[in-house]
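These notes concern the structure reproduced below.
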Amino acid sequence: MWRYLIPISGFVVLAVFLARGLSLNPRYVPSPLVGKPAPEFELPRLKNPEITVGTRDLAGNVALLNVWATWCVGCRQEHGFLVELAEANDLPIYGLNWKDNRSIAMSWLSSLGDPYVASAFDELGEVAIDWGVYGAPETFLLARDGTVLYKHIAPLTREVWTTEFLPRIIAECGTLPCPSVGSE
Amino acid sequence: MNRRSFIVFVSLLFFGTALAIDPEPPLEDPAIESAYRELINEVRCLVCQNQTIADSNAPLAADLRREIRKMMGEGASRAEVIDFLVTRYGDFVLYRPPFQPTTWLLWGAPVFLLGIGVIVFARILRVRMKQPLEEPNSLDEMTL
(Lines give C-alpha, C1' and ligand atoms only; values in the text may rest on other atoms or scores of the structure.)
Protein backbone atom coordinates (compact mmCIF):
# COMPACT_ATOMS: atom_id res chain seq x y z
CA MET A 1 0.00 0.00 0.00
CA TRP A 2 2.69 2.52 1.05
CA ARG A 3 4.65 1.54 -1.99
CA TYR A 4 1.95 3.24 -4.12
CA LEU A 5 0.83 5.99 -1.77
CA ILE A 6 4.23 7.62 -1.29
CA PRO A 7 5.02 8.29 -4.96
CA ILE A 8 1.45 9.43 -5.62
CA SER A 9 1.45 11.86 -2.71
CA GLY A 10 4.89 13.07 -3.77
CA PHE A 11 3.54 13.70 -7.24
CA VAL A 12 0.50 15.57 -5.91
CA VAL A 13 2.64 17.84 -3.70
CA LEU A 14 4.96 18.60 -6.61
CA ALA A 15 2.05 19.22 -8.99
CA VAL A 16 0.41 21.66 -6.55
CA PHE A 17 3.66 23.60 -6.13
CA LEU A 18 4.35 23.74 -9.85
CA ALA A 19 0.78 24.74 -10.72
CA ARG A 20 0.93 27.55 -8.16
CA GLY A 21 4.35 28.61 -9.43
CA LEU A 22 3.21 28.73 -13.03
CA SER A 23 0.14 30.80 -12.25
CA LEU A 24 2.08 33.52 -10.42
CA ASN A 25 3.25 36.56 -12.31
CA PRO A 26 7.00 36.93 -11.75
CA ARG A 27 6.82 40.50 -13.04
CA TYR A 28 4.63 41.46 -10.11
CA VAL A 29 6.93 42.61 -7.34
CA PRO A 30 4.94 44.13 -4.48
CA SER A 31 6.25 47.55 -3.54
CA PRO A 32 7.57 47.83 0.01
CA LEU A 33 6.54 51.51 -0.17
CA VAL A 34 2.79 50.89 0.03
CA GLY A 35 1.52 52.13 3.39
CA LYS A 36 4.68 54.14 4.00
CA PRO A 37 5.45 57.81 3.47
CA ALA A 38 6.46 58.50 -0.11
CA PRO A 39 10.17 59.25 -0.60
CA GLU A 40 10.88 62.96 -0.71
CA PHE A 41 12.14 64.44 -3.93
CA GLU A 42 12.67 67.71 -5.70
CA LEU A 43 13.54 67.88 -9.38
CA PRO A 44 13.49 70.43 -12.16
CA ARG A 45 10.27 70.51 -14.13
CA LEU A 46 10.28 69.06 -17.61
CA LYS A 47 8.72 72.08 -19.31
CA ASN A 48 10.13 74.72 -17.03
CA PRO A 49 13.54 73.63 -15.74
CA GLU A 50 14.05 76.79 -13.66
CA ILE A 51 11.29 75.78 -11.27
CA THR A 52 11.28 72.52 -9.35
CA VAL A 53 8.49 70.12 -8.61
CA GLY A 54 8.48 67.71 -5.71
CA THR A 55 7.04 66.51 -2.44
CA ARG A 56 5.87 70.01 -1.50
CA ASP A 57 3.66 70.27 -4.60
CA LEU A 58 2.06 66.88 -3.99
CA ALA A 59 1.40 67.49 -0.30
CA GLY A 60 -2.17 68.15 0.74
CA ASN A 61 -3.67 66.39 -2.25
CA VAL A 62 -4.71 62.88 -3.04
CA ALA A 63 -2.64 62.67 -6.19
CA LEU A 64 -1.22 60.36 -8.82
CA LEU A 65 2.44 60.15 -9.64
CA ASN A 66 2.89 58.54 -13.02
CA VAL A 67 6.35 57.33 -14.08
CA TRP A 68 6.70 57.69 -17.84
CA ALA A 69 9.21 57.98 -20.63
CA THR A 70 9.07 58.39 -24.37
CA TRP A 71 11.07 55.18 -24.88
CA CYS A 72 8.40 53.22 -23.03
CA VAL A 73 5.79 51.53 -25.21
CA GLY A 74 3.36 50.94 -22.35
CA CYS A 75 3.42 54.65 -21.58
CA ARG A 76 2.13 55.50 -25.04
CA GLN A 77 -0.54 52.85 -24.55
CA GLU A 78 -1.85 54.40 -21.34
CA HIS A 79 -1.35 58.03 -22.34
CA GLY A 80 -4.80 58.48 -23.86
CA PHE A 81 -6.41 57.25 -20.65
CA LEU A 82 -4.30 59.62 -18.55
CA VAL A 83 -5.44 62.51 -20.72
CA GLU A 84 -9.07 61.43 -20.14
CA LEU A 85 -8.43 61.27 -16.40
CA ALA A 86 -6.92 64.74 -16.43
CA GLU A 87 -10.00 66.06 -18.24
CA ALA A 88 -12.26 64.54 -15.58
CA ASN A 89 -10.17 66.57 -13.12
CA ASP A 90 -10.89 64.38 -10.10
CA LEU A 91 -7.38 64.57 -8.75
CA PRO A 92 -4.06 66.07 -9.85
CA ILE A 93 -1.72 63.89 -11.91
CA TYR A 94 1.99 64.51 -11.61
CA GLY A 95 4.55 62.92 -13.90
CA LEU A 96 8.01 61.56 -13.28
CA ASN A 97 9.80 61.63 -16.60
CA TRP A 98 12.32 58.83 -16.19
CA LYS A 99 15.70 58.73 -17.97
CA ASP A 100 14.42 60.55 -20.98
CA ASN A 101 15.40 63.21 -23.45
CA ARG A 102 13.92 66.59 -22.61
CA SER A 103 13.09 67.80 -26.12
CA ILE A 104 11.63 64.44 -27.21
CA ALA A 105 9.55 64.32 -24.03
CA MET A 106 8.23 67.83 -24.61
CA SER A 107 7.25 67.11 -28.20
CA TRP A 108 5.54 63.90 -27.04
CA LEU A 109 3.40 65.94 -24.63
CA SER A 110 2.57 68.57 -27.21
CA SER A 111 1.50 66.00 -29.80
CA LEU A 112 -0.31 63.51 -27.52
CA GLY A 113 -1.64 65.92 -24.90
CA ASP A 114 -0.31 66.76 -21.48
CA PRO A 115 -2.27 65.21 -18.59
CA TYR A 116 0.23 66.32 -15.96
CA VAL A 117 0.04 69.28 -13.62
CA ALA A 118 3.81 69.07 -13.90
CA SER A 119 6.38 66.45 -14.79
CA ALA A 120 9.60 66.06 -12.84
CA PHE A 121 12.60 65.51 -15.08
CA ASP A 122 14.68 62.64 -13.66
CA GLU A 123 17.47 62.37 -16.18
CA LEU A 124 19.77 60.12 -14.12
CA GLY A 125 17.02 58.01 -12.59
CA GLU A 126 18.06 58.81 -9.03
CA VAL A 127 14.61 59.75 -7.75
CA ALA A 128 13.25 56.69 -9.56
CA ILE A 129 15.58 54.48 -7.49
CA ASP A 130 14.26 56.09 -4.30
CA TRP A 131 10.74 55.26 -5.42
CA GLY A 132 11.67 51.68 -6.27
CA VAL A 133 10.80 52.16 -9.94
CA TYR A 134 11.90 49.32 -12.16
CA GLY A 135 9.62 49.29 -15.18
CA ALA A 136 7.67 52.19 -16.62
CA PRO A 137 4.81 52.83 -16.72
CA GLU A 138 4.23 52.81 -12.98
CA THR A 139 1.52 54.76 -11.20
CA PHE A 140 1.55 55.65 -7.51
CA LEU A 141 -1.55 56.76 -5.63
CA LEU A 142 -0.66 59.14 -2.83
CA ALA A 143 -2.71 60.21 0.18
CA ARG A 144 -2.97 63.81 1.41
CA ASP A 145 -0.36 63.18 4.08
CA GLY A 146 2.02 61.77 1.48
CA THR A 147 1.50 58.08 2.23
CA VAL A 148 1.72 55.71 -0.72
CA LEU A 149 -1.74 54.13 -0.96
CA TYR A 150 -1.21 51.93 -3.99
CA LYS A 151 1.21 51.21 -6.78
CA HIS A 152 0.30 49.90 -10.21
CA ILE A 153 2.96 48.57 -12.56
CA ALA A 154 1.90 48.29 -16.23
CA PRO A 155 -0.25 50.58 -18.36
CA LEU A 156 -3.15 52.15 -16.52
CA THR A 157 -6.49 51.07 -17.98
CA ARG A 158 -10.08 51.96 -17.18
CA GLU A 159 -10.54 48.52 -15.65
CA VAL A 160 -7.58 48.90 -13.29
CA TRP A 161 -8.74 52.40 -12.52
CA THR A 162 -12.24 51.26 -11.57
CA THR A 163 -11.24 48.20 -9.59
CA GLU A 164 -8.03 49.29 -7.87
CA PHE A 165 -7.80 53.07 -7.81
CA LEU A 166 -11.36 54.42 -7.47
CA PRO A 167 -12.30 52.48 -4.30
CA ARG A 168 -9.11 53.67 -2.60
CA ILE A 169 -9.59 57.25 -3.78
CA ILE A 170 -13.20 57.35 -2.59
CA ALA A 171 -12.20 55.86 0.77
CA GLU A 172 -9.66 58.64 1.08
CA CYS A 173 -11.61 61.59 -0.33
CA GLY A 174 -15.25 60.79 0.38
CA THR A 175 -16.37 62.54 -2.80
CA LEU A 176 -15.07 63.25 -6.28
CA PRO A 177 -13.46 65.50 -7.31
CA CYS A 178 -11.20 65.01 -4.37
CA PRO A 179 -11.04 68.15 -2.22
CA SER A 180 -7.52 69.23 -1.35
CA VAL A 181 -6.59 70.24 2.19
CA GLY A 182 -6.30 73.87 1.14
CA SER A 183 -9.86 74.06 -0.22
CA GLU A 184 -11.47 72.58 2.86
CA MET B 1 31.55 14.34 -31.43
CA ASN B 2 34.62 15.47 -33.32
CA ARG B 3 37.25 17.73 -31.87
CA ARG B 4 36.09 20.94 -33.47
CA SER B 5 32.46 20.66 -32.46
CA PHE B 6 33.59 19.76 -28.97
CA ILE B 7 35.57 23.01 -28.73
CA VAL B 8 32.59 24.98 -30.04
CA PHE B 9 30.35 23.25 -27.49
CA VAL B 10 32.68 24.03 -24.60
CA SER B 11 33.03 27.67 -25.61
CA LEU B 12 29.24 27.96 -25.80
CA LEU B 13 29.08 26.86 -22.17
CA PHE B 14 30.95 30.02 -21.22
CA PHE B 15 28.80 32.25 -23.37
CA GLY B 16 26.53 33.41 -20.57
CA THR B 17 29.20 34.68 -18.23
CA ALA B 18 29.81 38.05 -19.87
CA LEU B 19 29.64 40.99 -17.46
CA ALA B 20 28.36 44.46 -17.99
CA ILE B 21 31.15 47.01 -18.22
CA ASP B 22 31.05 50.42 -16.61
CA PRO B 23 33.19 53.31 -17.75
CA GLU B 24 34.22 54.23 -14.19
CA PRO B 25 37.67 53.18 -12.93
CA PRO B 26 37.75 50.75 -10.00
CA LEU B 27 37.31 52.21 -6.51
CA GLU B 28 40.55 53.35 -4.89
CA ASP B 29 40.47 50.97 -1.95
CA PRO B 30 40.81 47.40 -3.34
CA ALA B 31 38.95 45.99 -0.31
CA ILE B 32 35.93 48.21 -1.01
CA GLU B 33 36.17 47.42 -4.72
CA SER B 34 36.02 43.69 -4.04
CA ALA B 35 33.15 44.14 -1.55
CA TYR B 36 31.35 46.14 -4.25
CA ARG B 37 32.00 43.40 -6.86
CA GLU B 38 30.72 40.76 -4.47
CA LEU B 39 27.59 42.72 -3.63
CA ILE B 40 26.53 43.52 -7.19
CA ASN B 41 26.70 39.79 -7.90
CA GLU B 42 24.01 39.22 -5.28
CA VAL B 43 21.55 41.90 -6.34
CA ARG B 44 18.80 40.99 -8.78
CA CYS B 45 18.15 43.18 -11.77
CA LEU B 46 14.38 43.74 -11.66
CA VAL B 47 14.18 44.48 -15.36
CA CYS B 48 15.74 41.17 -16.41
CA GLN B 49 14.94 39.09 -13.39
CA ASN B 50 17.27 36.17 -13.89
CA GLN B 51 20.35 38.35 -14.06
CA THR B 52 22.28 40.07 -11.35
CA ILE B 53 22.96 43.77 -11.74
CA ALA B 54 26.58 42.81 -12.37
CA ASP B 55 25.53 40.82 -15.45
CA SER B 56 22.86 43.09 -16.79
CA ASN B 57 23.21 45.88 -19.30
CA ALA B 58 19.75 47.25 -18.51
CA PRO B 59 19.81 51.00 -17.80
CA LEU B 60 18.31 50.41 -14.35
CA ALA B 61 21.10 47.95 -13.50
CA ALA B 62 23.67 50.56 -14.53
CA ASP B 63 21.92 53.17 -12.35
CA LEU B 64 21.90 50.80 -9.38
CA ARG B 65 25.58 49.95 -9.86
CA ARG B 66 26.39 53.64 -9.99
CA GLU B 67 24.37 54.29 -6.84
CA ILE B 68 25.91 51.36 -4.93
CA ARG B 69 29.40 52.32 -6.07
CA LYS B 70 28.80 55.86 -4.91
CA MET B 71 27.48 54.73 -1.51
CA MET B 72 30.33 52.30 -0.93
CA GLY B 73 32.90 54.82 -2.10
CA GLU B 74 31.52 57.15 0.57
CA GLY B 75 32.00 54.48 3.19
CA ALA B 76 28.60 52.78 3.39
CA SER B 77 28.74 49.22 4.71
CA ARG B 78 27.37 46.17 2.95
CA ALA B 79 24.43 46.05 5.40
CA GLU B 80 23.60 49.71 4.75
CA VAL B 81 23.54 49.18 0.99
CA ILE B 82 21.36 46.07 1.33
CA ASP B 83 19.00 47.99 3.58
CA PHE B 84 18.88 50.83 1.03
CA LEU B 85 17.92 48.39 -1.73
CA VAL B 86 15.38 46.42 0.29
CA THR B 87 13.47 49.49 1.49
CA ARG B 88 13.06 50.52 -2.14
CA TYR B 89 12.66 47.27 -4.04
CA GLY B 90 11.78 44.67 -1.39
CA ASP B 91 13.50 41.39 -0.54
CA PHE B 92 13.11 40.24 -4.13
CA VAL B 93 16.22 42.22 -5.14
CA LEU B 94 18.35 39.93 -3.03
CA TYR B 95 19.51 36.67 -4.53
CA ARG B 96 19.93 35.48 -0.94
CA PRO B 97 16.65 36.48 0.71
CA PRO B 98 16.61 36.69 4.53
CA PHE B 99 15.26 33.84 6.64
CA GLN B 100 11.75 34.93 7.65
CA PRO B 101 8.22 33.41 7.78
CA THR B 102 7.61 33.89 4.04
CA THR B 103 10.88 32.16 3.17
CA TRP B 104 10.84 29.30 5.69
CA LEU B 105 9.74 26.91 2.97
CA LEU B 106 12.41 28.19 0.59
CA TRP B 107 15.27 27.79 3.05
CA GLY B 108 13.82 24.77 4.88
CA ALA B 109 12.90 22.62 1.88
CA PRO B 110 16.45 21.43 1.05
CA VAL B 111 17.08 20.40 4.68
CA PHE B 112 13.68 18.70 4.85
CA LEU B 113 14.25 16.82 1.59
CA LEU B 114 17.74 15.79 2.69
CA GLY B 115 16.19 14.46 5.92
CA ILE B 116 13.73 12.35 3.93
CA GLY B 117 16.60 11.07 1.81
CA VAL B 118 18.58 10.05 4.90
CA ILE B 119 15.57 8.20 6.37
CA VAL B 120 14.91 6.33 3.12
CA PHE B 121 18.60 5.48 2.76
CA ALA B 122 18.79 4.20 6.36
CA ARG B 123 15.74 2.00 5.89
CA ILE B 124 17.08 0.48 2.68
CA LEU B 125 20.41 -0.20 4.38
CA ARG B 126 18.74 -1.86 7.34
CA VAL B 127 16.69 -4.17 5.09
CA ARG B 128 19.75 -5.09 3.05
CA MET B 129 21.84 -5.82 6.13
CA LYS B 130 19.31 -8.38 7.32
CA GLN B 131 19.52 -10.32 4.05
CA PRO B 132 22.09 -13.12 3.98
CA LEU B 133 24.82 -12.86 1.38
CA GLU B 134 23.49 -14.71 -1.65
CA GLU B 135 26.72 -16.04 -3.11
CA PRO B 136 29.14 -17.71 -0.75
CA ASN B 137 32.68 -16.48 -1.10
CA SER B 138 34.48 -18.73 -3.57
CA LEU B 139 37.76 -18.54 -1.64
CA ASP B 140 36.05 -19.90 1.48
CA GLU B 141 34.67 -22.76 -0.57
CA MET B 142 38.12 -23.65 -1.84
CA THR B 143 39.59 -23.89 1.62
CA LEU B 144 36.84 -26.27 2.70
Side-chain angles (χ1 to χ4, degrees), chain A residues 2-3 5-7 9-11 13-14 16-18 20-21 24-41 43 67-74 96-101 122-138 140 148 151 153-154, chain B residues 22-24 40 43-53 56-71 74 76 81-95 97-98 100 102-106 108-110 112-113 115-117 119-121 123-124 127:
Chain A
W2 282 108
R3 183 181 289 266
L5 269 182
I6 290 173
S9 55
F11 170 77
V13 169
L14 199 63
V16 167
F17 269 86
L18 292 179
R20 176 88 183 112
L24 291 172
N25 175 9
R27 290 267 142 208
Y28 175 70
V29 181
S31 172
L33 284 176
V34 171
K36 299 210 179 106
E40 289 194 10
F41 73 102
L43 282 171
V67 183
W68 66 284
T70 54
W71 46 261
C72 145
V73 182
L96 179 67
N97 184 234
W98 184 35
K99 291 175 80 65
D100 210 346
N101 173 302
D122 190 11
E123 194 172 15
L124 296 174
E126 283 172 347
V127 168
I129 289 180
D130 283 342
W131 283 71
V133 169
Y134 66 90
E138 296 188 5
F140 293 86
V148 178
K151 177 187 182 183
I153 304 163
Chain B
D22 288 321
E24 294 96 343
I40 60 173
V43 177
R44 186 189 303 279
C45 171
L46 286 156
V47 180
C48 26
Q49 297 182 346
N50 289 332
Q51 283 191 306
T52 64
I53 60 168
S56 175
N57 270 319
L60 178 64
D63 287 354
L64 284 172
R65 284 196 302 270
R66 192 191 58 220
E67 196 69 31
I68 294 173
R69 167 186 289 271
K70 196 175 100 192
M71 287 179 74
E74 288 166 3
V81 176
I82 287 181
D83 188 55
F84 171 88
L85 293 167
V86 168
T87 51
R88 284 158 180 76
Y89 292 98
D91 290 329
F92 189 63
V93 287
L94 303 176
Y95 262 96
Q100 59 195 25
T102 50
T103 58
W104 281 349
L105 199 60
L106 178 72
F112 177 70
L113 293 175
I116 291 181
I119 292 169
V120 170
F121 182 64
R123 287 183 70 151
I124 292 173
V127 171

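A note on names: the letters A, B, ... follow the listed sequences, proteins ahead of strands, and every chain is numbered from 1.
Within a 6.0 Å sphere centred on OH of Tyr95(B), heavy atoms belonging to other residues, nucleotides or ligands number more than 12. Within 6.0 Å of CD in Gln49(B) there are more than 12 heavy atoms belonging to other residues, nucleotides or ligands.
In this structure the side chain of Ile129(A) reaches within 4.5 angstrom of the side chain of Asp63(B), judged on heavy atoms. Using a 4.5 Å cut-off on side-chain heavy atoms (C-beta onward), Lys99(A) and Leu60(B) make no contact.
Residue contact with chain A, scored on non-hydrogen atoms closer than 4.5 Å, is absent for Ile116(B). For Leu64(B), the parts lying under 4.5 angstrom from a heavy atom of chain A are both the backbone and the side chain. The part of Val86(B) that comes within reach of chain A is its backbone (N, CA, C, O), which places non-hydrogen atoms under 4.5 angstrom from that chain.
How far CZ of Phe84(B) is from CG of Asp130(A): 5.5 Å, rounded to the nearest 0.5 Å. Taking OH of Tyr134(A) as the reference point, atom CZ of Phe92(B) lies at 8.0 Å (rounded to 0.5 Å).
For Arg88(B) (side chain) and Pro32(A) (main-chain N/O), no donor-acceptor pair under 3.5 Å exists by modelled atom type.
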